[in-house]
Amino acid sequence: MAKFVIAGRADCPYYAKTELLADYLQKNLPDFQIYKITQHPDVWEVRFLFFFLVVEWLKDVCEKNKWNHKKSPIIWRELLDRGGKGLLLGGYNEFLEHAQLYYDVTSNMMTELMMVIAHENLEAHIEKEVEKETQKDLISPLQVWITSATSPACYNLLPILTSGEVFGMQTEISLTLFDKEQSEELLKSLVMETQDLASPVLRSVSSCTTEKYAFHQAHVVIVLDDSTEEEVYGLEGCLRSKVPLCRLYGHLIEKNAHESVRVIVGGKTFVNLKTVLLMMNAPSIAHNIIAVALGVEGQAKAAIARKLKTTASCIKDVIIWGNISGNNYVDLRKTRVYKYDSAIWGPPEFSRPVLDMIFDSEWVKREFVMTIKSLTSTGKQFGRILASHSIATTLKYWYHGSPPGEIVSLGVLSEGQFGIPEGIVFSMPVKFENGTWVVLTDLPDVEISQQIMTRMTSDLIQVMPEYIQGN
């Protein structure tokens, strides 16, 4: 089978004559196939644009295939039995000779008609390109903004976001990396590294250091810890730095972001505080601002898995209550272990309560509690891998739903559920479904004692509002 590729300038009369002859051959010869390529004259030829040389399409094709051809059209034969390798035939004259020699067919098209068809080809080409651009614009990418983009967590987050695992392979994304003006050079480097990933879902990536343009038409805003943060903060110093920044972010999100924007707050320090500050300064989208608690949940699962000598992925339904990066309570009453190597075996969906499997109750009450408290209060071991994975997983659940029947911990604004005081951001059990989250208020036997509730809410009720109102 003969397959010929005919390429040329859209306004070339000789391409027009070659095209019509090729159409005739394809129609009358069952084993003759053609593939046509037209290029705008500005793309076909070498030209200068603002002192820059733009390499033309023809030269690029010839260099790639090691051909020598200078004019429109160019015709080559694809050898299908050799993996589609191209064999250059030549131009207009060579194609006419080939048609006459092998098929005894020629073309008697007059020059006037060739010019008319060439003009029509150019108009059709331009219309087609405009239509393609219009269709491309209709498929708007998801606008994703990341604050403090030079922070270590962002480096691990970017490959996950561009992998297609979070928003789906059918959703194109446009990333904007936002940070302080003095980080501009680092941002440029990060933009280039992200482009080098060559992700099929990444439409574009850019940086921004100008506050007034921040979060423009954002669909997703990811709030990371500031890149200059240390392992441990003094309370007053942290609050002084967080309050103005969150006020600014909240105001800009309220003003510039898309009305359906989803804001996700991650990090290892004062996560609940940052979330409630954003809510106060972006009231119209407060219902779409959440705090990531999966990092603490992951630390708890790993500690239990080490105790039971199993893998952390086999531990499900750990509930994190309260202040994600402060006074919280890790609730194991609903926690179960799957695929556990013990005397009792069952199918993959078979599980057993964790508290029944840990015979050392003192370990649960003391060592386990102190381990998690130490990790969350200091931020130790909450590195960029855990932070980025927790954010990405929470986003994935938000868009596609959490695993059926599984409990997920999430920091949300309390409406009085479980006896939690209203108006504070509090981690509690939820499930994600249909693009939103639902608090699992129907869980049996999850009442929290007054003593634990007071401990968890003391800083959230007293410290945050007093500081906010006083500043």
Side-chain angles (χ1 to χ4, degrees), residues 142-162 166-167 173-191 193-194 204-230 233 238-258 261-282 285-286 288-292 295 324-325 379 382-384 387-392 394-395 398 411 425:
L142 193 72
Q143 300 291 333
V144 181
W145 284 70
I146 305 177
T147 73
S148 304
T150 57
S151 63
C154 188
Y155 283 82
N156 286 74
L157 182 60
L158 288 172
I160 304 175
L161 292 179
T162 56
V166 176
F167 303 110
I173 63 173
S174 178
L175 285 172
T176 305
L177 311 180
F178 180 59
D179 213 322
K180 298 181 288 292
E181 189 173 353
Q182 53 265 41
S183 304
E184 188 169 1
E185 290 304 315
L186 280 174
L187 286 175
K188 289 180 180 179
S189 175
L190 191 56
V191 166
E193 286 191 61
T194 308
S204 66
V205 57
S206 59
S207 62
C208 177
T209 58
T210 307
E211 290 177 355
K212 66 178 181 179
Y213 300 132
F215 314 122
H216 177 68
Q217 288 299 301
H219 297 110
V220 176
V221 175
I222 302 171
V223 180
L224 300 179
D225 280 330
D226 190 83
S227 56
T228 60
E229 286 185 331
E230 300 175 356
Y233 265 110
C238 182
L239 290 174
R240 278 194 297 270
S241 67
K242 291 288 177 271
V243 172
L245 189 62
C246 289
R247 281 177 174 165
L248 173 64
Y249 285 175
H251 171 73
L252 291 170
I253 292 171
E254 178 83 4
K255 179 182 177 183
N256 297 338
H258 193 275
V261 64
R262 303 181 186 192
V263 182
I264 184 166
V265 183
K268 58 186 178 181
T269 55
F270 297 91
V271 177
N272 297 55
L273 169 65
K274 291 186 287 188
T275 306
V276 78
L277 283 169
L278 288 171
M279 290 177 174
M280 293 176 64
N281 291 278
I285 51 99
N288 260 6
I289 303 177
I290 61 175
V292 177
I324 296 165
S325 51
F382 195 80
R384 57 191 186 184
S388 57
H389 180 265
S390 302
I391 291 168
T394 305
L395 272 174
W398 202 350
V425 171

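In this chain, residues are counted from 1 in sequence order. Since the structure is predicted, the reported quantities are computational estimates derived from the model, not experimental observations.
Partners of Lys188 according to the side-chain contact (heavy atoms from CB on, under 4.5 Å) rule, which considers only residues two or more places apart in sequence or in another chain, are Glu184, Glu185. Qualifying side-chain hydrogen bond (donor to acceptor under 3.5 Å, both in side chains) partners for Asn156, counting only residues two or more places apart in sequence or in other chains: Arg384. In terms of the side-chain contact (heavy atoms from CB on, under 4.5 Å) criterion, residue partners of Ser207 (sequence neighbours excluded) are, by chain and number, Leu187, Val191. Applying the salt bridge (charged side-chain N to carboxylate O under 4.0 Å, His left out) test to Glu181 and every residue at least two apart in sequence or in another chain returns nothing. With sequence neighbours excluded, the residues satisfying ring pair (Phe, Tyr, Trp, His ring centres under 6.0 Å) with Phe215 are Trp145, Phe178, Tyr249. Under the side-chain contact (heavy atoms from CB on, under 4.5 Å) criterion, Gln217 pairs with His258, not counting sequence neighbours. In this structure Ser189 satisfies the side-chain contact (heavy atoms from CB on, under 4.5 Å) test together with Glu193, sequence neighbours excluded.
A distance of 6.5 Å separates CD1 in Ile264 from CH2 in Trp398, rounded to the nearest 0.5 Å. Here the CG-SG distance, from Leu186 to Cys154, works out to 11.5 Å after rounding to the nearest 0.5 Å. Put simply, CG on Leu277 and CG on Asn272 are 11.0 Å apart, with the number rounded to the nearest 0.5 Å. One finds the CD1 atom of Ile222 at 12.5 Å from the CZ atom of Arg262 (value rounded to the nearest 0.5 Å). The CD atom of Glu211 lies 11.0 Å from the NZ atom of Lys180; values are rounded to the nearest 0.5 Å. Atoms OH and OG1, from Tyr155 and Thr194 in turn, are 9.0 Å apart once rounded to the nearest 0.5 Å.
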**Prompt:** What do the steps show when you test Ile324 against Thr275 for side-chain contact (heavy atoms from CB on, under 4.5 Å), and what is the final call?
**Reply:** CA-CA 11 Å; Ile324 296 165; Thr275 306; over 6 Å; no

**side-chain contact (heavy atoms from CB on, under 4.5 Å) between Val265 and Met279, intermediate numbers included** = CA-CA 11 Å; Val265 183; Met279 290 177 174; over 6 Å; no

**Steps toward side-chain contact (heavy atoms from CB on, under 4.5 Å) verdict (Val425, Val271)** = CA-CA 9 Å; Val425 171; Val271 177; over 6 Å; no

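Of all non-hydrogen atoms in Ile160 and Ala392, the two that sit nearest each other are CG2-CB, 3.5 Å. When all heavy atoms are compared, the tightest approach of Leu224 to Ser151 is CD1-OG, 3.5 Å. Heavy-atom minimum distance, Ser204 versus Ser174: OG-OG, 2.7 Å. Nearest approach of Leu252 to Ala214, heavy atoms of both residues: CD1-CB, 4.0 Å. Taking both residues in full, the closest heavy atoms of Gly250 and Ala282 are given as O-CB, 3.4 Å, listed atom of the first, atom of the second, then distance. Residues Gly267 and Asp225 approach most closely at CA-OD2, 3.0 Å, considering heavy atoms.
A heavy-atom distance below 4.5 Å is not found between the side chains of Ile289 and Val223. You'll find the side chain of Leu175 reaches within 4.5 Å of the side chain of Thr162, heavy atoms only.
Proximity of a side-chain donor or acceptor of Asn281 to a complementary backbone N or O of His251 within less than 3.5 Å is not detected. With His219 contributing its side chain and Gln143 its backbone, the two residues share a donor-acceptor pair below 3.5 Å. A donor-acceptor pair is defined here as one N or O able to donate and one able to accept, closer than 3.5 Å; no such pair exists between the side chain of Thr176 and the backbone of Ser206.
For the side chain to side chain contact (heavy atoms under 4.5 Å, CB included) with Leu190, the lone residue among Asp179, Ile146, Leu177 that qualifies is Leu177.
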